[in-house]
2 protein chains.
Amino acid sequence: MKQTGRPRLFDQDKVIEDAMKVFWEKGYEASSTDDLCKATGLGRSSLYNAFGNKHDLYKRTLKKYHEQWMAVQLNILTQPIPVKKRIENLFTWSMDRDFEKNSNGCFLIKASVERSQSDSDVQKWGDVHAKFLEQTLLKIVNEGIESHEIESEKTVNDLVQSLLCSYYGLRTLNATIRNKKVAEQMVQATMTNIA
Amino acid sequence: MKQTGRPRLFDQDKVIEDAMKVFWEKGYEASSTDDLCKATGLGRSSLYNAFGNKHDLYKRTLKKYHEQWMAVQLNILTQPIPVKKRIENLFTWSMDRDFEKNSNGCFLIKASVERSQSDSDVQKWGDVHAKFLEQTLLKIVNEGIESHEIESEKTVNDLVQSLLCSYYGLRTLNATIRNKKVAEQMVQATMTNIA
DNA sequence: TGCTTTTTGTAACAATTAGTACAAAATACT
DNA sequence: AGTATTTTGTACTAATTGTTACAAAAAGCA
């Protein structure tokens, strides 16, 4: 179903991705519409015509981020390798992202800490992302218990909650301490909890 | 040593505290100098005359926050009660702060996630606060091991890193999920790791 | 009483902010 | 070719931003 009217000169997905980088790096408040225009290459008219306003565009970036990384994390956690190794891979993968050049950590964590109190869209996507991770971990920890890969006196719930907590802690500390050696120790320390 | 000149009509400490609330709630970028004037009751002249500029005032609030809560946390962790109970108290105390009305979590965590990448003062105080917590935990976990209160095959370091990670994770998740029941479960799950 | 010093209130500054008005441009359909 | 529809570029808005200028006010000291 082709549209009538002048065709767009830009790729919508690419623009959302470019805008995401701006919000990710600077945060919502510190990102000006001018920054967004420059980063996306769009003029103000095109940006407002296509996305409504700054906050609507922000929402699109949150959704896109969630969908992208949910897929990646799900992939890591469903590989045909031992459960513990998969979990460790999730942690080392996150750590590697956190220590890439110009990394700003996890966009959704940053957005949640900055704004979830005052922005229900941020609240929603932060929540969705955390719940997804929790459910996925629950599934594979159960898998590990059934296959006797994981043997623990703790309940499945305790194991999962503790892992989720460590995951968010690692990513937050990586933004604070910024020391890869320390991060690696934390991953190892976390793994001892599902020994 | 009394100063010459017109005396101040305000209490410096009170002003820093009021300004802290603004930065804490809105973040640095979203806090306008007008917000700061209104919250502190000072005119623009007085504020700039006394604190230089917005960022210098921000620095004062970071320092004050660190010093205040460091004292509280240290007090919790050095009570004459079992080590495990002290650690649990640190977690429940933090959780209670996170679920107070209009809570914005830990100011330093929020500031670090928002700005530590681009603001060396935030970086510094976030780092100092984390290191303080780490060192204090190290001291009392050692204490717990020597008194045989804590018996674990894990190294002291692993225990401490895991606790620190869980602490930051809990506080970050409390900003994201905002569910006290879940938070309580996480504290319990964390405590099973130093069983 | 004057002189110095500091604080205070008012007014202003240039720059930036998010968002809009409007006409020209580019397409599809008739 | 002409019309409808959408996108685009330029210019603009009104409000807000952080910061400063300056004179009046309030104290100590001579």
Side-chain angles (χ1 to χ4, degrees), chain A residues 1-62 111 114-115 118-122, chain B residues 1-62 111 114-115 118-122:
Chain A
M1 43 153 112
K2 216 163 191 178
Q3 287 273 349
T4 175
R6 180 170 176 173
R8 291 196 166 153
L9 299 178
F10 60 88
D11 175 46
Q12 183 134 329
D13 268 10
K14 172 74 160 54
V15 168
I16 295 176
E17 205 114 357
D18 289 338
M20 188 199 293
K21 280 178 202 150
V22 177
F23 287 130
W24 196 345
E25 187 194 325
K26 306 189 141 197
Y28 178 76
E29 283 285 348
S31 298
S32 72
T33 49
D34 206 52
D35 291 331
L36 294 167
C37 286
K38 275 171 188 152
T40 60
L42 296 207
R44 309 179 84 65
S45 293
S46 303
L47 215 159
Y48 275 86
N49 179 57
F51 298 101
N53 57 32
K54 182 181 167 184
H55 193 265
D56 282 351
L57 176 56
Y58 184 57
K59 284 200 268 184
R60 304 284 289 268
T61 65
L62 294 171
E114 184 194 0
R115 294 180 58 76
S118 56
D119 185 329
S120 62
D121 294 293
V122 174
Chain B
M1 42 153 114
K2 215 164 192 178
Q3 285 275 349
T4 176
R6 180 171 177 173
R8 290 196 166 153
L9 299 177
F10 61 88
D11 175 46
Q12 182 135 331
D13 267 11
K14 172 75 160 53
V15 168
I16 295 176
E17 205 113 0
D18 289 338
M20 190 199 294
K21 280 177 202 150
V22 177
F23 287 130
W24 197 344
E25 187 195 324
K26 307 189 141 198
Y28 179 76
E29 284 285 349
S31 299
S32 72
T33 50
D34 205 52
D35 293 331
L36 294 166
C37 286
K38 275 170 188 154
T40 60
L42 296 206
R44 311 178 83 66
S45 292
S46 303
L47 215 159
Y48 274 86
N49 179 57
F51 299 100
N53 57 33
K54 182 181 167 185
H55 193 265
D56 281 351
L57 177 55
Y58 185 57
K59 285 201 268 184
R60 304 285 289 267
T61 67
L62 293 171
E114 184 195 359
R115 295 180 57 75
S118 56
D119 185 329
S120 62
D121 294 293
V122 174

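Worth knowing before you read on, the calculation uses all heavy atoms, side chains too, and leaves out hydrogens, waters and symmetry mates.
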Q: Quick one, which residues of residues 38-51 of chain B touch DNA chain D with a heavy atom under 4.0 Å?
A: B:Arg44, B:Ser45, B:Tyr48
Q: Quick one: A:His55 NE2 to C:dG19 P, roughly how many Å, whole number?
A: 10 Å
Q: Specify the closest pair of heavy atoms between B:Ser31 and B:Lys54, including all atoms of both residues, with the distance to one decimal.
A: O-NZ, 2.7 Å
Q: Over 60° means perpendicular and under 30° means parallel, so classify the ring planes of B:Phe23 and B:Tyr58, tilted if in between.
A: perpendicular
Q: Under 4.0 Å from OP1 or OP2 of C:dT7: is there any side-chain N or O of B:Arg8 that close?
A: yes
Q: Taking side chain as C-beta onward, heavy atoms only, is A:Tyr28 less than 4.5 Å from A:Val122?
A: no
Q: Within this structure, what is the CG-to-P distance between A:Leu9 and C:dA25, rounded to whole angstrom?
A: 14 Å
Q: If you find the nucleotide of DNA chain C closest to A:Gly52 and the one closest to A:Gly5, which residue's nucleotide is nearer the 5' end?
A: A:Gly52
Q: Checking A:Arg6 now: which residues fulfil side-chain hydrogen bond (donor to acceptor under 3.5 Å, both in side chains) with it, not counting sequence neighbours?
A: none
Q: Could you tell me whether the side chain of A:Arg44 reaches within less than 4.5 Å of the side chain of A:Asp34, counting heavy atoms only?
A: yes
Q: Round to a whole Å and report the spacing from NZ of A:Lys54 to C1' of C:dT16.
A: 12 Å
Q: Does B:Ser32 or B:Pro7 map to a spot on DNA chain D nearer the 5' end, using the closest nucleotide for each?
A: B:Ser32
Q: Using whole Å, report how far CZ of A:Arg6 lies from P of C:dT27.
A: 8 Å
Q: At their closest point, which heavy atom of A:Ala19 faces which heavy atom of A:Thr40, and how far apart are they?
A: N-CG2, 4.1 Å
Q: Would you mind reading off the distance between B:Asp34 atom CG and C:dT17 atom C1', rounded to a whole angstrom?
A: 15 Å
Q: How many whole angstroms separate atom CD of B:Glu29 from atom C1' of D:dT16?
A: 14 Å
Q: Report the residues that fulfil side-chain hydrogen bond (donor to acceptor under 3.5 Å, both in side chains) with B:Asp119, sequence neighbours left out, ordered by chain and then residue number.
A: B:His55, B:Arg115
Q: Could you pull out all residues at least two apart from B:Ser118 that satisfy side-chain hydrogen bond (donor to acceptor under 3.5 Å, both in side chains)?
A: none
Q: Just jot down the ring pair (Phe, Tyr, Trp, His ring centres under 6.0 Å) partners of B:Tyr48, sequence neighbours excluded, or say none.
A: none
Q: Can you list, in residue-number order, the parts of residues 14-28 of chain A that come under 4.0 Å of DNA chain C, counting heavy atoms only?
A: none
Q: With a 4.0 Å cutoff (strictly under), does any side-chain N or O of B:Thr4 reach OP1 or OP2 of C:dT5?
A: no
